[in-house]
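Data block below; observations after.
Remember, predicted model here, so these are calculated numbers, not experimental data. Position 1 is the first residue of the sequence, and the numbers go up from there.
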Amino acid sequence: MTDTAGTSAEALLSPFGVDLDTAAKLGAKAEGVELSTLTNAARMAGLPDVIPVALKRGDHPGVEDVSGLFERYRLYPSRKTGQAMAQTFEAFCNLTVRHQTGHSAIFANMDWRKPTLTTIVDYHELDAGHANFGKHRVHYAFPLSEEWQKWVAGDGAKMDQGDFAWFLEDRVAELSSPTEDEKLQYERDFATTIATPAQLVELSRGLQVNVESKVKASTTLQSGEGQIAWEETHNGADGKPLKVPGIFMLNIAPFFMGEKVRIPVRLRYRPAGGKVVWFYQIYRPDQFITQHVRDVLGEAREKTGLPTYEGTPEMAA
């Protein structure tokens with residue numbers, strides 16, 4: 001069925017007998033999905049140049065994220081995240097050197113009771129560089145030594161003669177004789193005498209002798225020492241009143257496997273109801289521990305070559 005113009009009805013049909021215009025309209029309405037990309041034409045900071053999307057056709061067209069389809073096939077993470085916990089300062093430095101970039105930085109929490117070091121591996125870039133996530137970190141919490149924890153726990157706690165005698169006996173390994181400079185400085189500053197470990201051991205043994213004795217007199221000598229006499233004839237281990245120094249020195253590592261520091265401790269007692277109550281006060285532990293942490297922070301700066309700051313970063317872990 002043709003005409004001379006060659007525009008027969010059959011010519012408008014496909015080889016399968018379907019009207020092509022109708023087929024085009026049906027195709028436009030058909031449900032379908034096509035993978036495509038969106039271009040970051042505005043060059044917005046922090047975004048990639050293109051992102052993959054799915055274009056949906058049909059009665060409800062739209063654009064959908066397809067990143068989840070790719071995630072299940074990921075061979076490695078898109079960026080480094082997480083916090084490594086170093087148990088030693090050496091491990092902290094080694095891990096920092098392993099992961100650091102040209103923009104990494106180390107922050108120190110200077111709280112003397114729980115100081116820490118934290119390397120922010122992905123810290124903000126300098127000058128006109130990009131901001132960064134700050135989610136990749138190396139953390140070192142200075143582990144307190146058992147010896148230091150015992151001294152801090154007992155700081156200011158009142159003890160009777162027996163308990164204090166046993167305390168001094170148990171902790172004698174952490175005591176130290178003063179240097180000449182320490183002796184001059186602290187005896188001048190505190191107007192009292194500074195004890196050697198041997199003198200503290202002698203004091204503890206004298207206290208053991210007089211555990212059940214009643215205080216007869218308590219005086220302060222011109223030297224700054226205290227003197228305690230008991231009612232019984234055997235006043236001290238040698239039968240004489242006990243002389244009590246006002247200060248002694250600790251030589252102790254506050255942190256596990258760390259360097260030792262020298263800290264003065266004030267020795268105190270109070271007569272109470274015929275007995276003597278004993279206690280000690282660690283002199284300004286915050287200053288000594290803070291200085292120690294600063295020294296360690298300086299060592300970290302030398303070993304890693306990174307900038308160091310006292311404080312905390314602006315972004316959360």
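With sequence neighbours excluded, the residues satisfying side chain to side chain donor-acceptor pair (under 3.5 Å) with Trp151 are Glu174. Legend: residues meeting ring-ring contact (aromatic ring centres under 6.0 Å, His included) with His103, ordered by chain and number and at least two apart, are absent. His139 pairs by the side chain to side chain donor-acceptor pair (under 3.5 Å) definition with Thr118, not counting sequence neighbours. Residues meeting the side chain to side chain donor-acceptor pair (under 3.5 Å) test with Asn109, sequence neighbours left out: none. Applying the salt bridge (Lys or Arg N to Asp or Glu O under 4.0 Å) test to Arg266 and every residue at least two apart in sequence or in another chain returns nothing. In this structure, Asp111 has no salt bridge (Lys or Arg N to Asp or Glu O under 4.0 Å) partners at least two apart in sequence or on a different chain. For the side chain to side chain donor-acceptor pair (under 3.5 Å) test, no residue two or more places apart in sequence or in another chain qualifies with Thr290. Judged as a salt bridge (Lys or Arg N to Asp or Glu O under 4.0 Å), and not counting sequence neighbours, the contacts of Glu182 are Arg262. Annotation: salt bridge (Lys or Arg N to Asp or Glu O under 4.0 Å) contacts of Asp49 (sequence neighbours excluded): Arg43.
Ionic pairing of Asp181 and Lys183 is not present here: no N-O contact between side-chain nitrogen and carboxylate oxygen is shorter than 4.0 angstrom.
By the 30° and 60° cut-offs, the orientation of the rings of Trp278 relative to Tyr269 is tilted. Between His99 and His136, the two ring planes are perpendicular [angle over 60°; tilted spans 30° to 60°].
We find the NE2-CD1 distance between His292 and Ile263 to be 9.5 Å, quoted to the nearest 0.5 Å.
For the side-chain hydrogen bond (donor to acceptor under 3.5 Å, both in side chains) condition, no pair includes a residue of residues 79-93, sequence neighbours left out. Applying the salt bridge (Lys or Arg N to Asp or Glu O under 4.0 Å) test to every pair with at least one member in residues 150-161, sequence neighbours left out, gives no pairs at all. The list of ring-ring contact (aromatic ring centres under 6.0 Å, His included) pairs with a residue in residues 68-95, not counting sequence neighbours, is empty.
Between Tyr123 and Glu314, the side chains place a donor N or O and an acceptor N or O closer than 3.5 Å (distance only, hydrogens not considered).
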